[in-house]
Amino acid sequence: MNLPANLKYTKEHEWIRVEGGVAYIGITDHAQKELGDIVYVDIDTLDKEVAQDEVFGTVEAVKTVSDLFSPISGTVLEVNSHLEGSPEAVNSDPYGEGWMVKISIANPAELDALLSAETYGELVGA
């Protein structure tokens, strides 16, 4: 299983990559494998504030729909428009082209509560 060490993770299977005062968020390799073939990503929170652990969208796979939870509080600055026509990028490249939102970081202290790659790996049995 692919778990980049430079990312932080949540128990709900989201990852977060911090770049300056913004963060990129998506779902983990483990999550996309559990969901199966992703057919649609629905995120309607652009320009809206979301709180830590609040739902910012959903991801639809062939067999289920799953909520997406924000690892941190902030404002959704950008939604990955590439996913509109290619939702399968979440399956093929969950940490690259498959990122879902870019969010401002309202409270940097929230990052401290997130899981390391090692801790997340233990959680999912990697």
Side-chain angles (χ1 to χ4, degrees):
M1 183 182 319
N2 184 9
L3 291 173
N6 64 320
L7 305 179
K8 294 278 196 173
Y9 301 86
T10 70
K11 291 177 182 169
E12 290 77 30
H13 312 291
E14 282 82 22
W15 60 261
I16 182 169
R17 181 179 72 237
V18 176
E19 294 185 5
V22 299
Y24 289 83
I25 297 168
I27 63 169
T28 65
D29 190 33
H30 172 78
Q32 68 81 18
K33 285 178 182 167
E34 290 292 309
L35 288 167
D37 293 337
I38 293 172
V39 295
Y40 188 67
V41 178
D42 182 24
I43 300 170
D44 62 359
T45 50
L46 182 63
D47 297 326
K48 294 181 181 170
E49 287 186 28
V50 293
Q52 186 177 35
D53 300 324
E54 185 178 343
V55 173
F56 69 84
T58 58
V59 61
E60 184 177 335
V62 173
K63 56 185 176 181
T64 189
V65 175
S66 185
D67 287 335
L68 300 167
F69 297 94
S70 183
I72 59 166
S73 302
T75 301
V76 177
L77 303 172
E78 185 179 341
V79 175
N80 185 352
S81 60
H82 176 71
L83 299 181
E84 283 180 35
S86 302
E88 68 278 0
V90 176
N91 292 116
S92 61
D93 191 11
Y95 303 115
E97 285 190 349
W99 67 272
M100 295 180 175
V101 294
K102 185 164 70 170
I103 188 170
S104 65
I105 300 172
N107 182 359
E110 290 176 344
L111 296 167
D112 297 335
L114 301 176
L115 306 175
S116 67
E118 183 179 339
T119 305
Y120 179 74
E122 291 169 5
L123 177 76
V124 297

Inset, instruction - Scan side-chain atoms only and decide if S73 and E49 contain a donor-acceptor pair under the 3.5 Å cut-off. - result: no
Legend entry - Side-chain touch L35/S66, heavy atoms, less than 4.5 angstrom: yes
Legend entry - Gap separating the CD1 atom of I43 from the NZ atom of K48, nearest 0.5 angstrom: 12.5 Å
Inset, instruction - Supply the atom-to-atom distance E14 CD to K8 NZ, rounded to the nearest 0.5 angstrom. - result: 15.5 Å
Legend entry - Closest heavy-atom pair and its distance - A31, H13: CB-CB, 3.6 Å
Legend entry - Minimum heavy-atom distance between A117 and P4, given as atom pair plus value: CB-O, 3.7 Å
Inset, instruction - Give the cluster check for F69 versus V101: same hydrophobic cluster or not, with ILVMFWY residues linked at side-chain heavy-atom distances below 4.5 Å. - result: no
Inset, instruction - Determine whether I38 and I27 make a side-chain contact, defined as any pair of heavy atoms from C-beta on separated by less than 4.5 Å. - result: yes
Legend entry - Any V22 side-chain heavy atom under 4.5 Å of L77 side chain: yes
Legend entry - Side-chain hydrophobic cluster, 4.5 Å single linkage: members besides L3: M1, L7, Y9, W15, Y24, Y95, W99, L115, Y120, L123, V124
Legend entry - Rounded distance (nearest 0.5 Å) linking atom CD of E60 with atom CG of D37: 12.5 Å
Legend entry - Cluster check I25, Y40: I/L/V/M/F/W/Y, side chain < 4.5 angstrom: no
Legend entry - Any E110 side-chain heavy atom under 4.5 Å of I72 side chain: yes
Legend entry - Residue list, side-chain hydrogen bond (donor to acceptor under 3.5 Å, both in side chains) with T119, at least two apart or on another chain: S116
Legend entry - E54 CD to L68 CG distance, which is reported to the nearest 0.5 Å: 12.5 Å
Legend entry - A113: side-chain contact (heavy atoms from CB on, under 4.5 Å) partners, not counting sequence neighbours: none
